[in-house]
Amino acid sequence: MKKVNNIYKALTVICSASLILGCERGLSEEVEFASFPNNGDIFTDAPVGLTDEFFISFDPAAGANTEGFGTDDNVAFEGRSSIRIDVPSPNDPNGNFIGGIFLDRGDGRDLSGFDALTFWAKGSTTAAVGLVGFGNDFEENKFSVGQSNIQLSTDWRKYTIPIPDPSKLIQERGLFAFSAGGLDVVDTVPNGNEIGFTFWIDELRFEKLGTVAQPRPRIFGGANLTEQAFTGSTILVSGLSQTFNLEDGSNSTVGLAPSYFDFESSNLDVAIVNELGEITIIGEGTATITAQLAGVLAEGSLEISTSGGLDPAPTPMQPQANVLSVFSDAYTNVVTPNFTPGFGGSTTEASVSSNGGDEFVTYANNNFTGILFDDNPIDASAMQFMHVDIYVQEASTSSIEFQIRDIGANQTINTNVNNGFPELDDVDFRFTATGLTPGQWTSFEIPLSGDLATQKNNLGAIILVGGPDFILDNIYFYSN
Amino acid sequence: MKTMTIRKKHTLGVMLIGFVTLATLTSCNTDETQTVATFDNLVLEDNFDVDGFIDTEIWNFDIGDGTAQGIPGWGNNELQYYTDRPDNAAVENGFLLITAKQEAFNGAQYTSARLQTKNKFQQLYGRFEARIRLPYGQGMWPAFWLLGDDSDGSVWPQIGEIDIMENVGDEPTQIFGTVHGPGYSGAESVSKSYTLENTRVDTEFHVYGIEWGPNYINYYIDDVLYNQITPEDIEEETNGEGEWVFNDRPFYIILNVAVGGNLPGPPNAETEFPQTMLVDYVRVYQQ
């Protein structure tokens, strides 16, 4: 704190001096801003300005394969060497996907003079690379950018990942990031039938193309949303993207970190929003959250209405030893549920909010969605019930259906696309929650009966159908 | 522009390479032999400097979808309905704005504008140029072009057409210049494209122009002369069938933004509307 004060005082002196001199310059000639190398090259025939071990893998404990990364002196788009990445198959003992980052060796680079990351790549087959991008330093990842599903060709092809706002990148250490899993030629579900492949990357660099144009930033996926919120709760701005039109006329959309945006609340007495896109509800009334990216108004907004605080849900009474929890602050949760599975045709908006540290999940416009934990199914063989607390704000005649799904030994959600019923080795039990009283929490104890009575060792999803706008808390399985 | 234009592909490439090599060895460069007059006598200038005012001493509006003119879809299956509403044509901040909108209007799904100088400003030969920033996106088809006077009863393509600049919105770094005449019209027109490096047509203004004199039309963008078309080129491209019709009548100016049509194809879900072509100035010089 003392240091900050000193700098402030020093600046005050400089400013006063300028004023006395009456010059038009904003800053003294003595002022020098720190600047960082502005070399755009990352890999040509060798890594440029990177750490000796320039590839830093994602966590092997999470399945990242550290064996498949290297350089190849027999393959190159230009020169004599390229980066070679061997994407593993799902049953590879060294890990079932490959990915990581290239970190700058020094303090970072000034990339503000560039407008895109470009590289040449080719694959051993026409697979897709799950994610490529930059801005990940395994620390704050403050200016992270990622493009999904880069389609490879078996010949060299140039790829362009636009920089959402180059002026932000004055000291960036995360120069490249990628992640790739096996190629699935059978279905679109990651279920172990994927095959490994190889791809090569060459001439990886930041470039000033001059043809990256027509920015179209979005928040909330470009939708104008409304949400009832409660004083004291927080909401995260989601659905961030930036789209550019490239030299070849195609549109390129990247996902990006919130720090690229300047967020704004229309009513600071109701809601404030920080540079990480965290909205905090501080008072009663209405506020609209909007954003700009490099001076361009983003499509999409959130209108928040609040009429006070949300009473916390009733404190669960089951002892921890009898509980396998999905989502509750009263217990240690055994899974990290996905509340936004993005089912095709779903209109549902779901967001996790916090009320003084007590998290709850808010649903609006639900037709159907799910709470998914299929990547880590719960063995509920010893459990008898599912507990859930439901809050609705307004009176409604519609009810919410819960479909508790066991996803079977293949640990994959198998649903008949025509009727929505489980198929193959999946079973479910369906329960309709009625009698919801506006303005208060209602607790439900749903028995794990029906088909679940004999198969509940791979619970992987809770499908939610219909209902008014509602809030859920304390979702857990338990036995008496 | 008036009927379907398909830019010439270089299918004769291999044969032509032989030709070009020979020509290079045996004759001077085109630059050394071409006739270039200096056109420095300014005879028409519209800088669009008065907000809200389109000078009707210079400009006419073409209205509709071409049906009234006997060419529905303006001869190219274009999708727009041209209007003279400020929504589609306006002068603001020193620019002429021609704006293509997506809206249901008199049976069309898009509106736009087309301004021309027929019977108000027409000229044989000269330097015609405009400083323009183009729209972008699949289906956009902006153009700055000339048509020959038809008051003697002649019809297209006999009257001639000089397309100074055309672009399709899904190729944001490329423009093309074209002539149409008897024996080389529509798909058979004589055309050449130019690709910009490190810049685009929709983010920057560029000067598009021709220098047109007896037996030649020179095409340029900014300070780059990228093509010359002469009666010899027409003869070569049409196996002697084509007729040079650019020495015998005055031509008038057209500025428009078409939507869809045979050349660009229709807009798609990614096309952003509205789209605006900004014209900073139009200038015409004589010798």
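Below, read A as the first sequence line, B as the second, and so on, with proteins coming before strands; counting in each chain starts at 1. Quick caveat: nothing in here was measured; it's all calculated off a predicted structure.
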(message) Need one label for B/Glu272: side chain, backbone, both or neither, based on atoms under 4.5 Å from any heavy atom in chain A.
(response) side chain
(message) To check you understand the geometry: which heavy-atom pair defines the closest contact between B/Thr173 and A/Thr211, and what is its length?
(response) CG2-CG2, 3.9 Å
(request) Determine the option with the most heavy-atom pairs under 4.5 angstrom with chain B, choosing from A/Asp248, A/Leu246, A/Val212, A/Thr243. (result) A/Leu246
(request) Select, from A/Arg216, A/Gln214, A/Glu247, the one with the greatest count of heavy-atom pairs under 4.5 Å involving chain B. (result) A/Gln214
(message) What's the separation between atom CG in A/Asn251 and atom CD in B/Gln138, rounded to the nearest 0.5 Å?
(response) 11.0 Å
(message) Tell me whether the count of non-hydrogen atoms from other residues, nucleotides or ligands lying under 6.0 Å of CD1 in A/Ile170 goes above 12.
(response) no
